[in-house]
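Every heavy atom of this structure was used, including side-chain atoms; hydrogens, water molecules and symmetry mates were not.
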Amino acid sequence: MEQAVIAALLLVGLVIGAGVGASYARAQRGWKDYKTIRTTVPGARRTAWMATRAVITKIGVIALLLFGAAAYAAAGSDHERAGPGPTPTPTPTVTATPGHRAGR
């Protein structure tokens, strides 16, 4: 009877030990991953800010171009402010001959 109790206790100890060992291995792996990621965060943060800056710059340039286009359209054309243009040179007129009637 004593051997059955010892075998049962050994089996329970093995199951509990396997569970604790797996949990310990998982915790060690988590800490290792955490330390690895913690060292890469500043570089990733810098990259993220550079990408954000690039997007904000592009949006700013597009907004300025749109504002300039709207201001140019609102100002109207230059035809109202332009001075008189060159006058066309007169072309020599053709005189009708007595036998020729215009329009026929």
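- For the side-chain contact (heavy atoms from CB on, under 4.5 Å) criterion with Leu9, the lone passing option out of Val5, Leu11, Ile6 is Val5.
- There is no path of hydrophobic side-chain contacts, each under 4.5 Å, that joins Tyr24 to Ile16.
- Atoms CE and OG1, on Met50 and Thr52 in that order, are 10.5 Å from each other to the nearest 0.5 Å.
- More than 12 non-hydrogen atoms from other residues, nucleotides or ligands lie less than 6.0 angstrom from CD of Gln28.
- Atom CG of Asp33 and atom CZ of Arg38 lie 12.5 Å apart (nearest 0.5 Å).
- Separation of atoms CZ (Arg53) and OG1 (Thr57) is listed at 8.5 Å; rounding is to 0.5 Å.
- Of the candidates Val55, Ile62, Val61, Ile56, Ile59 forms a side-chain contact (heavy atoms from CB on, under 4.5 Å) with just one, namely Val55.
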